[in-house]
Amino acid sequence: MLRNHFETEHNLFRDAFRSFLDKEVVPHQEEWEDAGVVDRSVWRKAGEMGFLLPWAEEEYGGTGLKDFRYEQIMCEELAAINEPGFMIPLHSALCGPYIAEYGNAEQKARWLPGIIRGESILAVAMTEPSAGSDLAGMRTTAVDKGDHFVLNGSKVFISNGLLADLVIVAAKTDPNNKHAMGLFVVERGMEGFERGRNLKKLGMKSQDTAELFFNNVKVPKENLLGDAKGGFFYLMNMLAQERLTNACGAVAGAEAALNATVDYVKERKAFDRPVAHFQNTRFKLAEMRTQIDVAQVFTDRCVMDHNQKKLTPEVAAEAKLFTTELLCKVVDEGVQLHGGWGYMWEYPICKMYANARIQRIFAGTSEIMKEIISRGMKL
Ligand SMILES: Cc1cc2nc3c(=O)[nH]c(=O)nc-3n(C[C@H](O)[C@H](O)[C@H](O)COP(=O)(O)OP(=O)(O)OC[C@H]3O[C@@H](n4cnc5c(N)ncnc54)[C@H](O)[C@@H]3O)c2cc1C
């Protein structure tokens, strides 16, 4: 189905981003997968090309493109090449906005230029070993000591956990109020800030996911974003954009999985005919085609609503729920239609299957999405 919300400048941006990926990412994907982390240099290259935080103001080195369609294009192109480790969306559309939105002028001037140049890689640390969906249950604390806070606790499953130079850490600031938390920018090298091992995962092999430890880390007051008790609200506020990002990548991932499967079933023969000729195959692929088209229209509409600041957390949750469930269904059917070859790592559908599974879990599980949506229905 033809999409109608992109203009010429978006198409040009997509061409430029795709060429960048072809040159700087695709040739390194296997090497990064083996290393469990992408090479730092690719972040700088992306920065040089203007692909990091393109929405940021020119005074910090951005291009002022406040149009989520550019973020959508990057999510789509990364999904199309099935690159899970080079998480521009995490850096640009999830973490960067915390600094732009809740940082003061001094903080923005201090951090944004390096972030935009790809010299300071970002991560956000909310999840803890005993608290994921229930963020208010986190145990990391930040105690006010006058000119600084002292941070204690640990975080787990942090994307960019090893590469990150600046980590936005959520920590409790009032023992009598479980929703009182602050967002603290913890910098590489701060005393008491340690990183654990690169966690071994089902998929997303090129992405460094790590545990982080904070033992009496002295964080200067200048590194607190916004209000020391407002962090919970800030997180909730930003999660809608994060979920839209997931949706953009999930539909594109489903499209890529469908294309890989269509190519395969046309070539593969069984019982003297291409697998594509079996009615079961055609019907399965037709169902996927239909569902992806429907999901794409909905996602594109969410992007345009978001551009007008009209996307509600409930609709963002619907987008994440629907598209990530669809992605997982499509990759599963895709593997099935590949037969045994679909289970082999050398086939793209196998990696797509492994990479997709987390989409229904991170940035809020499907069950949490249903909670948000049903709350909006006053149930
Ligand atoms: C690869 C990877 C990358 C990640 N990156 C980051 C990151 O960069 N930063 C970060 O902070 N976190 C990150 N996470 C963490 C992720 O967001 C959490 O894993 C996720 O939010 C779920 O939390 P949990 O794992 O504690 O599961 P739990 O909250 O323990 O959930 C377990 C099960 O209980 C269900 N459940 C929980 N509450 C309810 C409820 N109220 N109603 C119904 N069912 C419920 C869940 O849906 C789930 O099925 C990442 C995780 C992974 C695996």
Side-chain angles (χ1 to χ4, degrees), residues 35-40 43-44 85 87 90-91 94-100 102-104 106-115 117-132 135 137-175 180-201 207-232 234-235 238 362:
V37 62
V38 308
D39 195 296
R40 272 192 98 78
W43 284 98
R44 280 179 189 253
M87 290 182 104
L90 170 70
H91 182 84
L94 273 63
C95 299
Y98 281 109
I99 291 172
Y102 301 113
N104 58 34
E106 182 278 322
Q107 291 171 326
K108 288 195 249 188
R110 182 154 44 114
W111 290 317
L112 284 177
I115 293 169
R117 286 196 299 267
E119 290 163 9
S120 302
I121 300 171
L122 299 176
V124 61
M126 301 176 259
T127 307
E128 300 188 358
S130 56
L135 274 181
M138 73 173 60
R139 294 181 187 162
T140 299
T141 55
V143 178
D144 191 339
K145 296 283 186 186
D147 63 342
H148 66 274
F149 285 85
V150 172
L151 238 70
N152 274 294
S154 67
K155 300 287 177 181
V156 73
F157 305 150
I158 304 310
S159 306
N160 281 351
L162 298 184
L163 279 179
D165 303 290
L166 301 174
V167 184
I168 301 163
V169 181
K172 291 275 186 70
T173 47
D174 180 352
M181 57 182 77
L183 299 184
F184 300 88
V185 179
V186 175
E187 301 181 33
R188 175 181 289 282
M190 280 185 170
E191 210 179 324
F193 170 34
E194 308 286 342
R195 300 168 206 244
R197 68 198 160 91
N198 197 353
L199 298 167
K200 289 211 177 298
K201 305 185 290 290
Q207 205 266 330
D208 51 318
T209 311
E211 263 184 290
L212 306 179
F213 303 98
F214 309 95
N215 299 311
N216 290 318
V217 181
K218 274 187 177 182
V219 182
K221 283 243 158 111
E222 295 75 39
N223 283 28
L224 167 70
L225 293 176
D227 188 280
K229 294 191 178 179
F232 192 75
Y234 303 156
L235 291 173
M238 287 294 178
F362 66 12

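This structure is a prediction, so every number in the text was calculated from the model and none was measured.
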Side-chain donor-acceptor pairs under 3.5 Å in residues 142-150, sequence neighbours left out?
| from | atom 1 | to | atom 2 | distance (Å) |
| --- | --- | --- | --- | --- |
| Asp144 | OD1 | Gly146 | N | 2.9 |
| Asp144 | OD1 | Lys221 | NZ | 2.7 |
| Asp144 | OD2 | Lys221 | NZ | 3.2 |

Assess the residue pair Gln107 and Val185 against the criterion (side chain to side chain contact (heavy atoms under 4.5 Å, CB included)); give the C-alpha distance rounded to whole Å, side-chain angles, the decisive distance to 0.1 Å, and a yes or no. CA-CA 10 Å; Gln107 291 171 326; Val185 179; over 6 Å; no
Hey, is NZ on Lys218 packed in by over 12 heavy atoms from elsewhere, all under 6.0 Å?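 Count not over threshold, so no.
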To check you understand the geometry: which heavy-atom pair defines the closest contact between [X] and [Y], and what is its length?
| X | Y | result |
| --- | --- | --- |
| Gly161 | Leu212 | O-CD2, 3.7 Å |
| Thr173 | Gly182 | CG2-N, 3.8 Å |
| Tyr102 | Met238 | CE1-CE, 3.7 Å |
| Leu183 | Gly231 | CG-CA, 4.0 Å |
| Leu122 | Gly96 | CD1-N, 3.5 Å |
| Ile121 | Gly118 | CG1-O, 4.3 Å |

**Request:** Specify whether Trp43 and His91 have parallel, tilted or perpendicular ring planes, treating 30° as the upper limit for parallel and 60° as the lower limit for perpendicular.
**Result:**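 The rings of Trp43 and His91 sit tilted, inter-plane angle from 30° to 60°.
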Write out all pairs satisfying salt bridge (Lys or Arg N to Asp or Glu O under 4.0 Å) with one or both partners inside residues 153-168, taking only residues at least two apart or from two chains.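 Sorted result for residues 153-168: Arg40-Asp165, Glu128-Lys155, Asp165-Arg188.
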**OP:** Sorted by first residue and then second, give each salt bridge (Lys or Arg N to Asp or Glu O under 4.0 Å) pair with at least one member in residues 207-217; sequence neighbours left out.
**Re:**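 Residue pairs passing salt bridge (Lys or Arg N to Asp or Glu O under 4.0 Å), neighbours aside: none found.
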**Report entry** Pairing residues for Ser159 by the side-chain contact (heavy atoms from CB on, under 4.5 Å) criterion, not counting sequence neighbours
**Finding:**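 Per chain and number, Ser159 pairs via side-chain contact (heavy atoms from CB on, under 4.5 Å) with Met87, Leu90, Gln207.
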Practice task
Please name all residues satisfying side-chain contact (heavy atoms from CB on, under 4.5 Å) with Asp174, sequence neighbours left out, ordered by chain then number.
Solution key: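 Result, side-chain contact (heavy atoms from CB on, under 4.5 Å) vs Asp174: Asn176, Asn177, Ala180, Lys229.
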Exercise for review: Sorted by first residue and then second, give each side chain to side chain donor-acceptor pair (under 3.5 Å) pair with at least one member in residues 118-127; sequence neighbours left out.
Suggested key: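 Every side chain to side chain donor-acceptor pair (under 3.5 Å) pair that includes a residue of residues 118-127, provided the two are not neighbours, is Arg117-Glu119.
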Problem set entry | ring pair (Phe, Tyr, Trp, His ring centres under 6.0 Å) partners for Phe193, two or more places apart |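 Partners of Phe193 under the ring pair (Phe, Tyr, Trp, His ring centres under 6.0 Å) test: Phe214.
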message: Once ring pair (Phe, Tyr, Trp, His ring centres under 6.0 Å) is applied, do any residues pair with Tyr98, and if so which ones, sequence neighbours excluded?
response: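 Tyr98 satisfies ring pair (Phe, Tyr, Trp, His ring centres under 6.0 Å) with no other residue.
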Next on the checklist: Can you list everything that forms a side-chain hydrogen bond (donor to acceptor under 3.5 Å, both in side chains) with Glu187? Sequence neighbours excluded, please.
Outcome noted: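 In terms of side-chain hydrogen bond (donor to acceptor under 3.5 Å, both in side chains), with neighbours along the sequence ignored, Glu187 is linked to Asn223.
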Listed by chain and number, what are the side-chain hydrogen bond (donor to acceptor under 3.5 Å, both in side chains) partners of Asn104, not counting sequence neighbours?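 For Asn104, no residue satisfies side-chain hydrogen bond (donor to acceptor under 3.5 Å, both in side chains) once neighbours in sequence are set aside.
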Looking at [atom1] of [X] and [atom2] of [Y], how far apart are the two atoms once the value is rounded to the nearest 0.5 Å?
| X | Y | atom1 | atom2 | result |
| --- | --- | --- | --- | --- |
| Ile158 | Leu199 | CD1 | CG | 9.5 Å |
| Asn152 | Thr140 | CG | OG1 | 8.5 Å |
| Cys95 | Ile115 | SG | CD1 | 9.0 Å |
| Met126 | Phe157 | CE | CZ | 13.0 Å |
| Leu162 | Asn198 | CG | CG | 4.5 Å |

| request: Test Val219 against Val186 for side chain to side chain contact (heavy atoms under 4.5 Å, CB included), laying out the working first. | output: CA-CA 7 Å; Val219 182; Val186 175; 4.2 Å; yes
Is there a side-chain contact between Leu225 and Tyr234 (heavy atoms, below 4.5 Å)?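 They are not in contact (no side-chain heavy atoms under 4.5 Å apart), so the answer is no.
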| field | Close side-chain approach of Met181 and Leu235, heavy atoms under 4.5 Å | value |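 Met181 vs Leu235: side chains touch.
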Checklist entry - Can you list the residues that meet the salt bridge (Lys or Arg N to Asp or Glu O under 4.0 Å) rule with Lys172, with sequence neighbours excluded? => result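 None.
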Of all residues at least two apart in sequence or in a different chain, which pass the salt bridge (Lys or Arg N to Asp or Glu O under 4.0 Å) check with Glu106?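 Listed in chain order: Arg110.
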